[in-house]
Structures are given as C-alpha cells and as structure tokens.
Protein chains: 2
Amino acid sequence: MKQDLKKLYAAQAAVIKAMAHPTRLLILNALKKKETCVCELRDQVGDDISTVSKHLLVLKNAGLVAARREGNWLHYRLTCPCVLDFTDCIKGVAK
Amino acid sequence: MKQDLKKLYAAQAAVIKAMAHPTRLLILNALKKKETCVCELRDQVGDDISTVSKHLLVLKNAGLVAARREGNWLHYRLTCPCVLDFTDCIKGVAK
DNA sequence: CTTCTATTTGGCTATTTGGCAAAATAGAAG
DNA sequence: CTTCTATTTTGCCAAATAGCCAAATAGAAG
C-alpha cells in the first residue's frame with residue numbers, strides 16, 4: 001500500500017474505530033438529540049461511570065465529541081452530527 | 001442499557017467495526033470502483049495474501065462484500081456501496 | 001483551609017485482533 | 001488419477017481493548 005494512501009485510510013479508520021462499539025454508538029445517538037452530562041449518559045448506558053468516562057475519552061480523542069463544563073457537570077456534545085447520517089445504510093447491511 | 005437497544009447498537013457496531021481498519025477501508029474503496037479478485041487486492045494492499053484473505057472474511061461476515069467465482073479467481077464486490085458515502089464526513093472529523 | 005460531587009485515571013484481568021508462515025482446500029486442466 | 005494455481009484455514013504471538021474497582025483530581029461551596 002502506498003504510504004500516503006496508508007496514512008489517509010489510517011486516519012479514517014481511527015475515527016470509524018472509535019464509533020465501532022455498541023455503548024459508544026448509544027452515546028453518539030444520545031448526543032445527537034442533545035448535549036448531555038456524563039452522569040445522565042451513565043444512566044442510559046448502565047455501565048460503571050468509569051467505563052462510560054473511558055468511552056467518552058475515546059470519542060473525544062477521535063474528535064467526535066467535545067465537552068463544556070457547567071459547575072460540577074461536564075456536558076458533552078457531538079462535534080459532527082453527520083457521522084450518524086449513514087446509520088440507515090448500516091442497518092441495511094446489518095439485517 | 002435496554003436490551004433491545006443493546007442488540008440494535010451491537011448489530012450496527014459489528015458492521016462499523018468491520019470497516020474500522022486501514023486495509024479494509026482500502027479494500028472497500030477498491031471494490032467501489034470495480035469487482036476485484038483477491039490477488040489484485042493483495043497487490044494493492046501489499047500484505048501477505050493470507051492477511052488479505054482474513055480481512056475479506058471479516059468484511060464478508062459483516063455483510064459488506066460478497067464473492068463470485070470465475071475459474072480459479074474469486075471476484076469480490078461491494079454489497080452496499082452506500083457504506084462509503086460518509087467518507088467525506090469522516091475526513092472532516094479526522095483532520 | 002475542608003468537604004462534597006462529578007469525573008477521570010490507574011491497575012488489573014480476560015478477551016480480541018492483526019500479522020506472517022505453513023498447511024489445507026477448491027476447482028481447472030493435463 | 002496428478003498437478004497447478006488461487007485462496008482459505010490453522011497455529012502462533014504480540015499488542016490492543018473493555019470492563020470493574022479503587023484511588024486521584026477538579027471545581028463548587030461551606
């Protein structure tokens with residue numbers, strides 16, 4: 001594989017990989033509806049809060065979400081809502 | 001997480017996970033242009049042919065590609081070209 | 001300062017993944 | 001049948017991942 005192509009696809013794969021987890025898909029879909037704090041996401045996900053926090057770190061490192069502090073709460077939001085546009089296509093493949 | 005939601009997102013995540021690898025993205029993009037045999041994909045990818053074959057298995061199990069035999073060659077093709085429609089959006093996140 | 005609350009980080013373990021090389025297989029052709 | 005070619009499968013190992021719990025941190029508030 002040529003070096004420049006390799007880099008291009010590696011960068012894309014890193015983002016896609018961050019999306020490739022059930023919990024993280026749930027989080028992204030929740031954030032699509034509205035900015036949400038970690039504790040509310042934990043309630044929706046049902047896992048330990050440290051687990052949810054780590055998933056959010058993965059999404060943040062990929063550039064998919066960003067946080068805003070308000071008092072004690074951190075509100076996360078989707079940076080690029082378009083990343084969920086292909087969900088219908090994926091459902092078609094998954095069926 | 002509710003059980004039905006969990007299943008829904010797990011199914012989607014399985015497909016997305018199959019896409020989340022530089023080599024597999026290269027393969028999908030090659031197949032978008034035209035049906036391609038394994039040995040030609042190996043040339044484009046540059047890895048061992050057994051490695052390429054495994055990647056194709058991953059993509060096949062996810063429902064993203066299908067194969068057609070013609071003599072000694074197996075020609076792979078994209079089952080749902082729409083899965084590459086969001087590449088532009090992903091590039092925007094990845095930058 | 002101390003305390004409280006929301007969140008992150010570190011440590012640990014079990015599981016999955018990606019790559020190569022060698023062996024196995026499927027079908028074409030002699 | 002045997003041989004040849006394209007592809008898949010198996011075995012192995014190093015690295016990455018996900019989950020929980022406990023400990024650490026950041027900022028608000030007394």
Side-chain angles (χ1 to χ4, degrees), chain A residues 1 3 5-7 9-28 30-31 34-62 64-77, chain B residues 1 3 5-7 9-28 30-31 34-62 64-77:
Chain A
M1 191 182 331
Q3 204 54 35
L5 262 187
K6 202 162 191 164
K7 274 194 195 162
Y9 287 127
Q12 291 181 31
V15 177
I16 298 174
K17 192 175 177 184
M19 302 177 64
H21 189 284
T23 299
R24 294 199 287 267
L25 278 182
L26 172 73
I27 291 174
L28 291 174
L31 297 185
K34 66 172 181 61
E35 222 188 30
T36 313
C37 76
V38 183
C39 54
E40 191 176 334
L41 289 171
R42 177 207 54 204
D43 291 344
Q44 291 188 40
V45 170
D47 284 345
D48 191 280
I49 190 159
S50 68
T51 302
V52 175
S53 179
K54 280 186 184 173
H55 283 307
L56 284 166
L57 179 64
V58 172
L59 294 172
K60 193 167 60 177
N61 287 340
L64 287 162
V65 305
R68 175 180 66 87
R69 181 175 280 275
E70 195 176 305
N72 274 333
W73 291 266
L74 278 174
H75 296 269
Y76 278 85
R77 68 177 178 281
Chain B
M1 194 184 325
Q3 203 54 36
L5 262 187
K6 201 163 191 165
K7 274 193 196 162
Y9 288 126
Q12 292 182 29
V15 177
I16 298 174
K17 191 175 178 185
M19 302 177 63
H21 189 283
T23 300
R24 294 199 288 269
L25 278 181
L26 172 73
I27 291 174
L28 291 174
L31 298 185
K34 67 172 180 59
E35 222 188 30
T36 312
C37 77
V38 183
C39 54
E40 191 176 334
L41 290 172
R42 177 207 53 204
D43 292 342
Q44 290 188 39
V45 169
D47 284 345
D48 191 279
I49 190 158
S50 68
T51 302
V52 174
S53 181
K54 275 189 186 173
H55 283 308
L56 285 166
L57 179 64
V58 172
L59 294 171
K60 193 167 60 177
N61 286 341
L64 287 163
V65 305
R68 174 180 66 88
R69 181 175 281 274
E70 196 175 304
N72 274 334
W73 290 268
L74 278 175
H75 296 268
Y76 279 84
R77 67 176 178 282

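Chain naming here is simple, since letters A, B, ... match the order of the sequence lines and numbering starts at 1 in each.
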Polar atom pairs between nucleotides 10-14 of chain C and protein, under 3.5 Å, N or O only, would you list them?
from: dG10(C); atom 1: O6; to: Lys54(A); atom 2: NZ; distance (Å): 3.1
from: dG11(C); atom 1: O6; to: Lys54(A); atom 2: NZ; distance (Å): 2.7

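- Computed from coordinates, the Asp48(A) CG to dC21(D) C1' distance equals 7 Å when rounded to whole Å.
- Within the nucleic acid shown, Arg42(A) has no heavy atom closer than 4.0 Å to any nucleic acid atom.
- In this structure, Arg69(B) contributes its side chain and His75(B) its backbone to no donor-acceptor pair below 3.5 Å.
- Tyr76(A) has a side-chain polar atom (N or O) that falls below the 4.0 Å cut-off from OP1 or OP2 of dT8(C).
- Listed nucleotides: dT7(D), dC20(D), dT8(D). Nearest to the side chain of Ser53(B): dT8(D).
- Computed from coordinates, the Leu59(A) CG to dA18(D) P distance equals 10 Å when rounded to whole Å.
- Atom CG in Leu57(A) sits roughly 16 Å away from atom C1' in dA24(D) (whole-Å rounding).
- Ion pairing of Glu70(A) with Arg68(A) is present here, as a side-chain N (NZ or NE/NH1/NH2) and a carboxylate O approach within less than 4.0 Å.
- Under the 4.5 Å side-chain criterion, counting only non-hydrogen atoms from C-beta, Arg42(A) is not in contact with Asp47(A).
- In this structure, the separation between OG1 on Thr23(B) and CD on Gln44(B) is 12.0 Å, given to the nearest 0.5 Å.
- For the pair Asp43(B) CG and dA6(D) P, the computed distance is 11 Å after rounding to whole Å.
- For Leu74(B), the listed nucleotide lying nearest its side chain is dT8(D); candidates were dA6(D), dT8(D), dT7(C).
- Note: Ile16(A) CD1 to Met19(B) CE = 5.0 Å, rounded to the nearest 0.5 Å.
- Of all heavy-atom pairs spanning His55(A) and Ile27(A), the tightest one is CB-CD1, 4.1 Å.
- Taking for each of Arg24(B) and Glu40(A) the nucleotide of DNA chain C with the nearest heavy atom, the 5'-most of the two is the partner of Glu40(A).
- Closest approach of Ala20(A) and Ala20(B) over heavy atoms only: CB-CB, 4.5 Å.
- Leu41(B) CG to Ile49(B) CD1: the interatomic distance, rounded to the nearest 0.5 Å, is 9.0 Å.
- At the phosphate of dG19(D), neither OP1 nor OP2 sits under 4.0 Å from any side-chain N or O atom of Thr51(A).
- For His55(A) and dG19(D), the shortest distance from a side-chain N or O to OP1 or OP2 is below 4.0 Å.
- If Lys17(A) and Ile49(B) are placed on DNA chain D by their nearest nucleotide, the residue sitting closer to the 5' end is Ile49(B).
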How is the base pairing of DNA chain D summarised as a dot-bracket string, given the Watson-Crick and G-U wobble criteria with both distances under 3.5 Å, [ ] for crossing and | for another strand? ||||||||||||||||||||||||||||||
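- What you find for Ala62(B) and Val15(B) is that their closest heavy atoms are O-CG2, 4.0 Å.
- When all heavy atoms of Ala13(A) and Leu25(B) are compared, the pair lying nearest together is N-CD1, 3.6 Å.
- Considering only side-chain N and O atoms, His21(A) lies under 4.0 angstrom from the phosphate OP1 or OP2 of dG19(D).
- Lys60(A) comes within contact range of no nucleotide atom at all, as no heavy-atom separation falls under 4.0 Å.
- At whole-Å resolution of the value, CG in Asp47(A) and P in dT8(C) are 15 Å apart.
- Going from atom NE2 of His75(B) over to atom P of dT8(D) covers 12 Å, rounded to whole Å.
- Looking at Thr36(A), its side chain does come within 3.5 Å of a backbone N or O of Lys34(A) through a donor-acceptor pair.
- Look at CG on Leu56(A): it is 13 Å from P on dA18(D), rounded to the nearest Å.
- The shortest heavy-atom contact between Val65(B) and Tyr76(B) is CG2-CD2, 3.8 Å.
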Can you pull every protein N or O that's under 3.5 Å from an N or O on nucleotides 23-30 of chain C?
none

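- For the pair Asn61(B) CG and dT8(D) P, the computed distance is 12 Å after rounding to whole Å.
- With distances taken from any side-chain atom of Val38(A) to the nucleotides dT8(C), dA21(C), dT8(D), the minimum falls on dT8(C).
- Smallest separation of non-hydrogen atoms from Lys17(B) and Arg24(B): O-NH2, 3.5 Å.
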